[in-house]
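To start, the structure itself, in structure tokens.
Throughout, a chain's letter reflects where its sequence line sits, starting with A, and its residues are numbered from 1. None of these values were measured; they are calculated from a predicted model.
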Amino acid sequence: MNTAEETSSKVREGEYFYLKSLNKPQLEAVKSLSGPLLILAGAGTGKTRVLITRLAHILVTKRALPSEVLAVTFTNKAAMEMKERVEKLIRRSTETMWIGTFHSLCARILRKHAEIVSLKTNFTILDTDDQTRLIKQVMEIKNIDLKRWPPRSMLSIIERWKDRGLSPTDVRDKEIGKFASGKSLTIYESYQQRLITLNAVDFGDLILHCLNIFKKSKDVLFEYQRKFKFILVDEYQDTNIAQSLWLKKIAFGQNNICCVGDDDQSIYAWRGAEVDNILNFEKDFSDARTIRLEENYRSTSHILSSASGLISHNKGRLGKTLWTSIDGGEKINIKSFWNGKDEAVSISEEIVRLQKKKSRLSEISILVRASFQMREFEERFMKMGLPYRVIGGPRFYERMEIRDAIAYFRVIIQSQDDLALERIINVPKRGVGKSTLQILYKHARSQGVCLYEAIQQIISTDELRPSLKNTLEDLLKQFERWRTEINSMEHSEFCAMVLDESGYMEMWQKDKSPDAEGRLENLKELVGAIREFDSLSSFIEHVSLVMENTENAKEDKINIMTLHSAKGLEFDTVFLPCWEEGNFPNQRSLDEGGEKSLEEERRLGYVGITRAKKRVYVSFAVNRFIYNQLVSCIPSRFVSEIPEEHVKEEESLLFDDQEGFSDQEDSFFSQEENFYKKSKIAPINITPGRKFPSSYKHKSKESDFVQEAVKIGEEVFHDKFGYGKIKSMQGNKLEIIFQTGIKKVLKSFIKKR
DNA sequence: CCATGACGCTTTTTT
DNA sequence: AGCGTCATGG
């Protein structure tokens, strides 16, 4: 191919074909190549395009070699997309470029300089499951009541520390907190020690160790500072403190860093992302410039204005004014339902209608707050035979059989991996149960060796009963033999052999449970996947770092996913169901983080709306099954935050269905009261004069509706039924004689004459 | 060591 | 409801 000559000829002619279709700020963002640059890019303003074009421009104009560019993304998907699009644009392989996620790039650096932080280059990257088991072990040793102090919580405390770049020695006393009676820091210390003994790291360590390498060895740091002439960072609003420190260190000197982000789309604060990174960019990097991309090419003006109206309720924004030249279109459809089932039915019917109008299903998406909410839609679509796909469901590599199989490989590659050995030591059953394991671990701890070595030592004694001793001896011999064979054959064949010889395959073949067959299938698929890699260890690295869902997005199916996983995607039609207080905004989120979390929930709503190109449907139900209990709900405050002029409101169900309503009304109101009592947030203000849904749902003190006593026989007014006379009352429930007949109504829906 | 039933918890998620 | 963990008893 003549790609190189072709590109350089373009350069000589000064054509830069790829710059032609950019708008003014985009062009500026691509061409401002010296000094720190923050690109504030609103939803749908072409930020990925700018990033890719910028990268291409740097290379084409020969400002840097491919190996001198560092491009950091947040997800593997984004990294792959960037590689593909850059390759397509400049027709050159991206192989020598450092394009990847924070974690994969750090892993690359860490493998090279592992010894600086007391690791060996073949260290294992633990998954969540391993992490939990490890922290549990540590806590058990320290006699912590695991019921009172859940290991998962401890893990998240550690993760938050790591997110901030804090090693155990950096944690200040006042940060320790009440967890595990103040033992959280010692647990953290022991956990880190155990990781080193296991020659293992967790995800947070990838960044943290890398920071420590830079701290300990200036030479290594200089090497990378010199190497990377240009740094590009995507989704900067999602970076945590450790990651921004990492960037700052590498960028120091050359100072050519360009970060792209949108503070309004920061939705990962709950796992340590720091919105302040983007807010403080100009302070963190001297002489920084900021360019705003504000022309939206994705959505109609109704959609964009709705989203802007919603997000304008947040404080502390950098502020952007998005605009679009795509005029008109449909208003946002807002609809209420009696229950979740009605909602799913109606949405599925609407989808069929759209389908008849030649809409592609793959251009339709249902975005929910929490994944359990997907089920209602899945069931409905299944019933109707509508094809759908769930994005971000359970992952292939998280299945038990796959993890077990990989655990075998991990022990072969790295015998210090106690967690992997522990996982499979009795799978298939070998009669090595909990008590045996305890003996082994006790020995390991007293000798300061890993589990594998402990077994080696213990089987040379008579501590164990003969049958056990023999099984363990056989197992170790097997592992030793596998290690000698690993390089003598094709690696996927080797893996198949291990699974076979270990008896793992046989275990599932003999299993009569209905899912055994599927598991065998998965194992076959695993071997097939391994074949695609150069080596077993590169496969395992892939599994630990990439873990991607191989979805073929090409099939014409409805997309169902959470709001979180929708970021970065776009669809013609977006359904946003389940907009009820407690669910969205999520109550737990609110309880934990108060006002800040409320704003993050609102950003989530903003992300949801801005995914749509043509149509948005927001809906909520009055009743919903939660843990199999029917609960009355009130609509999300976000519903009334969408500006009225961009909304098409469908008639409320509440007014049409008084009969069904009366059964629920007691719980309906106590629910609302409880909600505001529990929530740290005061009831929100309503827009006066707005009939639906705010006027009767989100009553506040300013409301002109009746708050206090009314008498039997008194004449009152109801929005829908007009004037009537109170016949009887029972708590909040009133029976009122209207001209159209006797209705049961909630007191709060009534105005005094 | 393993099977069984009681108990209890249940957001978002990528790496 | 549904799953996972834990304690109990065989």
Checklist entry - Between A/Arg160 and A/Asp163, does at least one N-O distance fall below 4.0 Å, as a salt bridge requires? => result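 Yes, this pair counts.
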Next on the checklist: What I want to find out is whether A/Asp234 reaches A/Lys47 closely enough, with some N-O distance under 4.0 Å, to be called a salt bridge.
Outcome noted: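 A salt bridge is present here (some side-chain N lies under 4.0 Å from a carboxylate O).
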Does [N] have OP1 or OP2 under 4.0 Å away from a side-chain N or O of [X]?
{"X": "A/Ser371", "N": "B/dT12", "answer": "yes"}
{"X": "A/Arg271", "N": "B/dT13", "answer": "no"}
{"X": "A/Thr562", "N": "B/dT13", "answer": "yes"}
{"X": "A/Asn583", "N": "B/dT11", "answer": "no"}

Interface polar pairs with nucleotides 1-6 of chain C, N/O, under 3.5 angstrom:
{"residue": "C/dA1", "atom": "O5'", "partner": "A/Asn628", "partner atom": "ND2", "Å": "2.8"}
{"residue": "C/dA1", "atom": "O4'", "partner": "A/Asn628", "partner atom": "ND2", "Å": "3.2"}

Item to check | Contact nearer the 5' end of DNA chain B, comparing A/Leu437 with A/Thr101 | outcome: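 First, find each residue's nearest nucleotide; the 5'-ward one identifies A/Leu437.
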Checklist entry - Which comes earlier along DNA chain B counting from the 5' end, the contact point of A/Lys429 or that of A/Ala370, where each point is its nearest nucleotide? => result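 Of the two residues, A/Lys429 wins.
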Item to check | B/dT12 base stacked by A/Tyr268 (centroids within less than 5.5 Å, tilt under 30°) | outcome: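 Per 5.5 Å and 30° rule: no stacking.
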Can you check the [X] [atom1] to [N] [atom2] distance for me, whole Å?
{"X": "A/Glu600", "N": "B/dT11", "atom1": "CD", "atom2": "P", "answer": "16 Å"}
{"X": "A/His103", "N": "B/dT14", "atom1": "NE2", "atom2": "P", "answer": "12 Å"}
{"X": "A/Ile267", "N": "B/dT12", "atom1": "CD1", "atom2": "P", "answer": "13 Å"}
{"X": "A/Lys434", "N": "B/dC2", "atom1": "NZ", "atom2": "P", "answer": "12 Å"}
{"X": "A/Leu110", "N": "B/dT15", "atom1": "CG", "atom2": "P", "answer": "18 Å"}
{"X": "A/Asp238", "N": "B/dT12", "atom1": "CG", "atom2": "C1'", "answer": "13 Å"}
{"X": "A/Leu126", "N": "B/dT15", "atom1": "CG", "atom2": "C1'", "answer": "13 Å"}
{"X": "A/Asn586", "N": "B/dT10", "atom1": "CG", "atom2": "P", "answer": "12 Å"}

Next on the checklist: If the condition is side chain to side chain contact (heavy atoms under 4.5 Å, CB included), which residues does A/Ile141 pass it with, not counting sequence neighbours?
Outcome noted: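 A/Ile141 satisfies side chain to side chain contact (heavy atoms under 4.5 Å, CB included) with A/Arg445 only.
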Any idea how [X] and [Y] line up, ring-wise: parallel (<30°), tilted (30 to 60°), or perpendicular (>60°)?
{"X": "A/Phe74", "Y": "A/Tyr268", "answer": "parallel"}
{"X": "A/Phe533", "Y": "A/His542", "answer": "tilted"}
{"X": "A/Tyr388", "Y": "A/Phe381", "answer": "tilted"}
{"X": "A/Tyr224", "Y": "A/Phe214", "answer": "tilted"}

Within the 4.0 Å heavy-atom criterion, would you say [X] contacts the bases, only the backbone, or no part of the nucleic acid?
{"X": "A/Asn426", "result": "sugar-phosphate"}
{"X": "A/Phe625", "result": "nothing"}
{"X": "A/Thr436", "result": "sugar-phosphate"}

Item to check | Approximate separation, where rounding is to 0.5 Å, of A/Ile207 CD1 and A/Asn240 CG | outcome: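 The distance works out to 6.5 Å.
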